[in-house]
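The next block holds one structure in the form of structure tokens; read it before the comments.
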Number of protein chains: 6
Amino acid sequence: TLLTHFNSSGEAHMVDVGHKAVTHRIAITEGYIQMQPETLHLIITNQHKKGDVLAIARIAGIMASKKTADLIPLCHPLPLTQVEISFGIEADKNRIRCQTTVKTNGQTGVEIEALNATQIALLTVYDMCKAVDRGMVIQSVQLVEKSGGKSGHWLRE
Amino acid sequence: TLLTHFNSSGEAHMVDVGHKAVTHRIAITEGYIQMQPETLHLIITNQHKKGDVLAIARIAGIMASKKTADLIPLCHPLPLTQVEISFGIEADKNRIRCQTTVKTNGQTGVEIEALNATQIALLTVYDMCKAVDRGMVIQSVQLVEKSGGKSGHWLRE
Amino acid sequence: TLLTHFNSSGEAHMVDVGHKAVTHRIAITEGYIQMQPETLHLIITNQHKKGDVLAIARIAGIMASKKTADLIPLCHPLPLTQVEISFGIEADKNRIRCQTTVKTNGQTGVEIEALNATQIALLTVYDMCKAVDRGMVIQSVQLVEKSGGKSGHWLRE
Amino acid sequence: TLLTHFNSSGEAHMVDVGHKAVTHRIAITEGYIQMQPETLHLIITNQHKKGDVLAIARIAGIMASKKTADLIPLCHPLPLTQVEISFGIEADKNRIRCQTTVKTNGQTGVEIEALNATQIALLTVYDMCKAVDRGMVIQSVQLVEKSGGKSGHWLRE
Amino acid sequence: TLLTHFNSSGEAHMVDVGHKAVTHRIAITEGYIQMQPETLHLIITNQHKKGDVLAIARIAGIMASKKTADLIPLCHPLPLTQVEISFGIEADKNRIRCQTTVKTNGQTGVEIEALNATQIALLTVYDMCKAVDRGMVIQSVQLVEKSGGKSGHWLRE
Amino acid sequence: TLLTHFNSSGEAHMVDVGHKAVTHRIAITEGYIQMQPETLHLIITNQHKKGDVLAIARIAGIMASKKTADLIPLCHPLPLTQVEISFGIEADKNRIRCQTTVKTNGQTGVEIEALNATQIALLTVYDMCKAVDRGMVIQSVQLVEKSGGKSGHWLRE
């Protein structure tokens with residue numbers, strides 16, 4: 001089968017990576033949360049205070065990246081060597097962009113860890129603002145770039 | 001502040017829900033994963049076999065809903081009474097729709113639990129198909145409807 | 001379908017218990033670990049010392065009972081009100097018996113929590129003794145008795 | 001035995017709280033982290049920036065309170081209704097004070113949850129500053145006040 | 001003491017494996033769940049549908065293998081490189097056999113991870129069928145074969 | 001910034017350790033729990049029985065060390081190779097001393113893992129004795145010695 005998470009009997013398994021080379025692996029992902037202008041304004045205003053929504057979302061995303069193998073059934077546990085999350089406020093589009101970079105030296109990639117961090121960071125923004133804006137939408141969570149491993153470099157066109 | 005997750009000093013806290021009424025609460029959420037036609041075809045074909053991608057994604061989403069308070073910093077732990085996840089294949093749009101329903105009897109809502117289940121279910125699809133399609137995109141993760149609690153019924157227009 | 005963990009479409013779900021009565025629920029389970037006489041002797045001798053194998057296995061079992069909903073996909077999270085694990089040494093049969101009692105006031109039973117505690121307690125015994133006896137076998141993990149809920153009292157014949 | 005976490009056979013158990021009344025319970029705890037004046041100065045300076053040490057420590061403490069039953073073997077799982085953590089900078093004593101308030105409506109108290117939150121918040125401060133001050137000391141983690149339950153109100157003298 | 005999980009003072013510890021060679025390690029385990037013929041028939045019938053009991057049990061077992069160090073007190077955390085679970089239906093004996101293979105490159109073996117996966121997979125079968133057959137029994141959970149490490153190859157006779 | 005857990009933009013991140021050498025790392029920490037003489041007497045008396053308070057606290061501490069990266073936001077996950085916890089009863093000072101040693105071969109140190117183990121072990125003592133002594137105080141949780149890594153050997157003066 002082309003789907004490597006299934007063995008020759010068609011059953012799901014955690015695929016054998018034991019023979020793969022340990023290489024330096026990087027994944028960069030992004031995602032957006034769309035909201036009302038008033039909500040975005042509240043987040044921006046709040047940034048100058050002690051309890052910054054985006055600072056908390058960043059911590060949630062970093063912590064989530066470490067739990068990825070706990071959440072995604074066939075994902076291998078990996079000791080991450082770096083996790084970095086940055087936010088960009090796109091006021092003209094009424095949305096916030098979240099970009100995550102995850103690195104490891106390992107036998108398998110860290111795309112899922114980076115996507116998971118992005119998703120949880122954005123969901124934390126939703127959680128903290130839902131009392132004022134229930135209609136927020138998480139958009140375009142995707143891989144931007146990866147390197148390392150047999151498949152090498154990949155860049156979204 | 002309008003953002004209830006911050007107290008009067010502007011510091012983040014897990015807001016007091018102890019005085020709120022225990023009501024029956026429902027949240028329905030949706031999200032999509034966009035992919036290449038070939039990838040969608042592989043998933044559809046695989047459905048008739050033992051190791052169904054969507055069946056595994058469903059389990060991952062259900063399990064994730066139970067870990068929401070572990071992932072989202074200021075989210076209250078809640079004993080969920082029902083979690084249901086269904087997928088719809090939209091072949092003409094090259095995407096799969098995931099819809100989640102979560103219910104509880106509690107002092108706070110289950111929107112975050114349902115959104116988290118949707119996100120993790122979609123990310124599990126990504127994980128299982130990434131070897132053939134790294135460019136898949138998770139789209140429009142959002143609340144569709146909620147009921148229960150002081151704010152009552154909410155339906156996305 | 002007769003298997004309630006699948007909905008009318010045949011898809012797995014966490015079944016709705018929101019309408020069920022909150023009743024006092026008890027489950028009692030048992031299981032055994034079979035071993036070499038020398039291994040059993042070592043465990044018995046060790047009991048009089050600070051680092052008692054069975055005391056540690058008891059703690060592992062109690063802690064595991066609290067994580068049951070994290071491990072069993074369609075199991076509802078439940079706030080347990082009591083967990084008790086006792087061991088019986090059956091020297092003539094070269095085995096140790098583990099009995100677990102779990103109680104809650106809830107909308108669903110605690111059989112799985114008690115079985116999980118029994119299994120993990122026995123596996124902890126295996127882990128601590130495997131250097132001297134790799135061939136140990138975990139046997140007859142089963143429900144002994146339950147009460148509470150709509151199905152009422154059940155006793156193994 | 002006077003130690004209720006052991007049964008009449010002297011074996012550890014998760015004590016039965018099923019018959020106890022559900023009451024409103026509050027626990028307030030405190031603790032300190034002692035450090036070099038330069039370290040305290042760095043933390044204070046950093047507070048005005050995006051990545052505030054104390055804001056991150058607060059989030060870590062709140063999240064840890066929700067995992068208490070996972071960490072403390074005989075602790076009952078409890079659905080917390082409020083968690084609040086505040087820091088006080090005591091510049092003259094070269095230390096930071098952390099105070100935690102936890103509330104629930106439950107059959108058992110939340111002292112351990114509040115102490116755990118305080119400890120983890122302080123350890124997070126240590127983690128973030130250890131590169132400049134390995135000698136920091138966590139001091140006087142203790143219960144300040146509790147109310148609710150059969151034992152009623154307790155206030156440290 | 002012969003039990004390596006206790007130090008020279010007789011106290012439990014997580015034994016030092018830092019000096020051990022990193023070798024390729026494999027563990028194969030098995031276990032059974034005994035049930036009523038009608039229950040087995042239901043599972044077999046259900047296999048052809050979307051929500052396959054054994055497919056879900058497989059996922060639960062794989063996910064559990066990754067949490068072994070969280071459950072078994074003195075077990076070392078290990079990054080597993082492969083987990084594979086297969087089921088065999090033994091209709092004449094009214095039981096299902098579960099076989100698990102776990103692999104890693106590490107300083108300690110993966111027997112406990114494989115036994116844990118087997119146990120949780122079988123318990124998941126129990127959970128999903130308990131409404132129709134409370135009397136099911138988990139039997140003969142045991143190591144079948146292991147290789148790697150100082151003790152080398154071991155095969156159950 | 002001198003605080004390495006913040007990047008050049010002042011945002012928190014999990015710092016890159018991918019380029020650091022893998023060295024053998026050891027951390028030794030200590031902490032105390034102060035109590036009433038009667039409480040200490042109860043713990044000592046209980047030690048000769050099956051359910052030893054300190055044996056249980058030791059297990060809790062060891063298990064907690066494995067969850068450190070789950071609790072401390074910016075802490076790297078590390079596969080620990082040894083964890084050892086010992087208690088000393090200081091009857092003249094009405095307190096118990098807890099000392100933890102953690103070892104790994106890794107790219108970052110294990111101070112936080114050892115401090116976390118010490119804290120949780122002491123909090124477990126508190127939990128098990130709180131019914132007789134709510135006023136117990138956890139004192140002087142601190143690093144005693146560390147070795148390995150670029151910063152080399154460190155010993156508390």
Side-chain angles (χ1 to χ4, degrees), chain A residues 1-7 9-13 31 34 38 42-43 46 49-53 55-57 59-60 63-64 67-68 70-75 109 111-112 115-116 119-120 122-124 126-132 134-143 146 151 154 156-157, chain B residues 1-7 9-13 31 34 38 42-43 46 49-53 55-57 59-60 63-64 67-68 70-75 109 111-112 115-116 119-120 122-124 126-132 134-143 146 151 154 156-157:
Chain A
T1 166
L2 290 166
L3 297 178
T4 54
H5 284 67
F6 298 97
N7 63 17
S9 316
E11 298 164 348
H13 63 155
Q34 194 78 34
E38 296 76 14
L42 269 175
I43 292 174
N46 202 53
K49 297 198 188 158
K50 276 182 272 185
D52 176 0
V53 169
I56 294 172
I59 294 300
M63 293 181 83
K67 291 188 201 164
T68 304
D70 230 37
L71 293 164
I72 305 299
L74 305 178
C75 182
E111 297 94 302
I112 304 301
L115 289 166
N116 187 32
Q119 282 195 149
I120 291 294
L122 293 170
L123 186 54
T124 300
Y126 184 95
D127 180 49
M128 297 187 80
C129 300
K130 69 177 188 290
V132 296
R134 241 171 260 284
M136 287 175 287
V137 183
I138 293 172
Q139 288 288 16
S140 302
V141 174
Q142 58 190 1
L143 184 64
K146 73 161 277 285
S151 66
W154 184 94
R156 181 171 292 272
E157 294 170 27
Chain B
T1 165
L2 289 165
L3 297 178
T4 54
H5 284 67
F6 298 97
N7 64 16
S9 316
E11 297 165 348
H13 63 154
Q34 194 78 35
E38 296 76 15
L42 271 174
I43 292 174
N46 201 54
K49 298 200 185 156
K50 274 182 273 184
D52 176 0
V53 169
I56 294 172
I59 294 301
M63 292 181 84
K67 291 189 202 164
T68 305
D70 230 37
L71 294 164
I72 305 300
L74 305 179
C75 181
E111 297 95 299
I112 305 299
L115 289 166
N116 187 31
Q119 283 196 148
I120 291 294
L122 294 170
L123 185 54
T124 300
Y126 185 96
D127 180 50
M128 298 187 79
C129 300
K130 70 177 188 288
V132 296
R134 239 171 261 284
M136 287 174 288
V137 183
I138 294 173
Q139 288 288 16
S140 302
V141 174
Q142 58 190 1
L143 184 64
K146 72 163 277 286
S151 66
W154 184 92
R156 180 171 293 272
E157 293 170 28

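Remember, it's a predicted structure, so these values are computed and weren't measured experimentally. Residue numbers start from 1 in every chain, and the chains themselves are labelled A, B, ... in the order their sequence lines are given, proteins ahead of strands.
- Residues A:Phe6 and B:Ile56 have side chains in contact (heavy-atom distance under 4.5 Å, counting atoms from C-beta outward).
- You'll find the side chain of B:Asn116 reaches within 4.5 Å of the side chain of A:Ile120, heavy atoms only.
- Put simply, of B:Gln34, B:Glu157, B:Arg156, the one with the most heavy-atom pairs under 4.5 Å next to chain A is B:Arg156.
- For B:Val132, the part lying under 4.5 angstrom from a heavy atom of chain A is the side chain only.
- Distance alone, capped at 3.5 Å, is enough to place a donor-acceptor pair between the A:Gln139 side chain and the B:Ser140 backbone.
- Listed options A:Ala57, A:Ala60, A:Gly135 were ranked by heavy-atom pairs under 4.5 angstrom with chain B; first place goes to A:Gly135.
- Side chains of A:Met136 and B:Leu143 form no contact here, defined as non-hydrogen atoms less than 4.5 Å apart.
- Interface summary for chain A: among B:Gln142, B:Lys67, B:His5, the most heavy-atom pairs under 4.5 angstrom belong to B:His5.
- A salt bridge does not link B:Glu111 with A:Lys130: every distance from a Lys NZ or Arg NE/NH1/NH2 to an Asp or Glu carboxylate oxygen is 4.0 Å or more.
- Contacts of B:Arg134 with chain A are made by both backbone and side-chain atoms, with heavy-atom separations under 4.5 Å.
- Closest approach of A:Asp127 and B:Leu74 over heavy atoms only: OD2-C, 4.1 Å.
- Counting heavy-atom pairs closer than 4.5 Å to chain B, the top-ranked of the candidates A:Asp70, A:Leu122, A:Ile59 is A:Asp70.
- Residues B:Met128 and A:Leu3 fail the side-chain proximity criterion, which asks for heavy atoms closer than 4.5 Å.
- In this structure the side chain of A:Val137 never reaches within 4.5 angstrom of the side chain of B:Val141, judged on heavy atoms.
- With a 4.5 angstrom heavy-atom cutoff, B:Met63 does not touch chain A via any of its atoms.
- Annotation: the span from B:Ile138 atom CD1 to A:Leu115 atom CG amounts to 6.5 Å, rounded to 0.5 Å.
- Side-chain atoms of B:Gln119 and A:Leu123, non-hydrogen and from C-beta on, do get closer than 4.5 Å to each other.
- Most heavy-atom pairs under 4.5 Å with chain A: of the set B:Gly109, B:Ala131, B:Pro73, B:Ser151, this distinction falls to B:Pro73.
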